[in-house]
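Data first, discussion second: the structure below is written as structure tokens.
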Amino acid sequence: MANVGSAQAAQLAAARGAAGIGLFRTELLFLGREGPPAEERQAEEYATACRTMAPHPVVVRTLDAGSDKALSYLPAEHEANPALGRRGIRLWLAHEGLHRPQIRALLRVAAEHPNLRVMLPMIGARDEVLAARRLFEREARRRRLRLPPLGMMVELPAVAVDLDAFSGVVDFVSLGTNDLTQYALGADRELDLGPGLSELNPGVLRLISGCVHSAARLGLDAGVCGEMAGTPEGAVFLAGIGATSLSMSANSLERVLRTLTRFGIERCREVSAAALAAPDAAAARRALRPRSSSGSAR
Ligand code: PEP
Ligand code: MG
């Protein structure tokens, strides 16, 4: 599956063979404007993506603004650490002008497109999911519309290790390994601080694997939509530990598919077990690296 930021990008991803959208980032629609986009404008965008990908799923993420994606039309609040501040679900829940039109647009589109799924970003607490779910339910009741599957991103370590707390309140999860790695290691995702502070860090690999296993035990689909899914080593590891889907930039689809086909699921399982036992990121990478004479899958 592909990660996209617009319906047009979904069309390009479909042309490159994507079987669904695992992450539709809606930020692009909200940035660089005077105010939030109207319900109608949003509905058009989501519906086009759903039509393009049908019958494959389209996972639309509710607005994940704040931090480095500041909205000029919200009251400016100084935060010493924006990456740890009012962002993602926190910001969205706090502003009716942000969540109302988006919820309405999503419910409208879900009524006509059964492949639409909704996903909440930066969830840190069960209460946040319940608050969002209540908003969706209230609006759905008012308009006599059905609720689409509602999932959440796992981007915060406390959630990754305690998925049980979310059992019964989410329909699926997707691991955002970009933020999950950043918050697990206290290492800014925009900086290259070396392989030891990447998603191949043994602690991060165990965090991810533990979360995917918890999801399986709870009967929840656990996809991955962080950049890790779009690298050959990352994809091999994630397939091996049982991730139920991988979503990546459309540019990575072909290379990742080629690598996974070459490995096969049994070998993915073997090498992901070896990576989990590795003492450091370099050894984990060696365990996962596609071994060909030319190393051409890289
Ligand atoms: C992530 O954090 O891994 C993710 C997919 O979300 P974003 O990159 O949009 O923060
Ligand atoms: Mg994220």
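Sequential numbering from 1 along the given sequence is applied to the chain's residues. As the structure lists them, so they are numbered: ligands from 1, and atoms in each ligand from 1.
- Side chain to side chain, T177 and E227 fail the donor-acceptor criterion of an N or O pair below 3.5 Å.
- For the 3.5 Å distance criterion, the side chains of N3 and S249 fail to qualify, holding no donor opposite an acceptor.
- Residue-level check: among N/O/S atoms of D179, OD2 sits closest to the Mg ion (ligand 2).
- Cation-pi geometry between R267 and F263 is met: the NZ or CZ atom falls under 6.0 Å from the ring centre, inside 45° of the normal.
- With a 4.0 Å heavy-atom cut-off, ligand 1 is reached by no atom of E227.
- When distances to the Mg ion (ligand 2) are checked against a cut-off of 2.8 Å, E155 contributes an N, O or S atom below that limit.
- When the heavy-atom distances from atom 4 (C) of ligand 1 to N3, T177, D68, N178 are ranked, the shortest goes to N178.
- Atoms OG1 and CZ, on T231 and F237 in that order, are 11.0 Å from each other to the nearest 0.5 Å.
- Within the 4.5 Å cutoff, the side chain of V60 has heavy atoms near those of the L116 side chain.
- With hydrogens left out, the protein atom closest to atom 9 (O) of ligand 1 is R25 NE, 2.7 Å, a heavy atom.
- For atom 10 (O) of ligand 1, the nearest non-hydrogen atom of the protein is R189 NH1, 2.8 Å.
- Using a 4.0 Å cut-off between heavy atoms, R61 contacts ligand 1 through its side chain alone, with no backbone atom that close.
- Close contacts of ligand 1 with M153, meaning ligand atoms under 4.0 Å from a residue heavy atom, involve 4 (C), 5 (C), 6 (O).
- Linking ILVMFWY side-chain heavy atoms closer than 4.5 Å, directly or via other members, places L93 and Y73 in a single hydrophobic cluster.
- Looking only at heavy atoms of the protein, atom 5 (C) of ligand 1 is closest to C225 O, 3.4 Å.
- With ligand atoms numbered from 1 in the order given, ligand 1 contributes 1 (C), 2 (O), 3 (O), 10 (O) to contacts under 4.0 Å with heavy atoms of D179.
- Taking a cut-off of under 4.0 Å to the non-hydrogen atoms of L23, the atoms of ligand 1 that pass are 5 (C).
- Between D171 and R133 there is a salt bridge, since a side-chain N of the basic residue sits under 4.0 Å from a carboxylate O of the acidic one.
- When the options I208, T181, N178, L175 are evaluated for a side-chain contact (heavy atoms from CB on, under 4.5 Å) with M228, the one that passes is I208.
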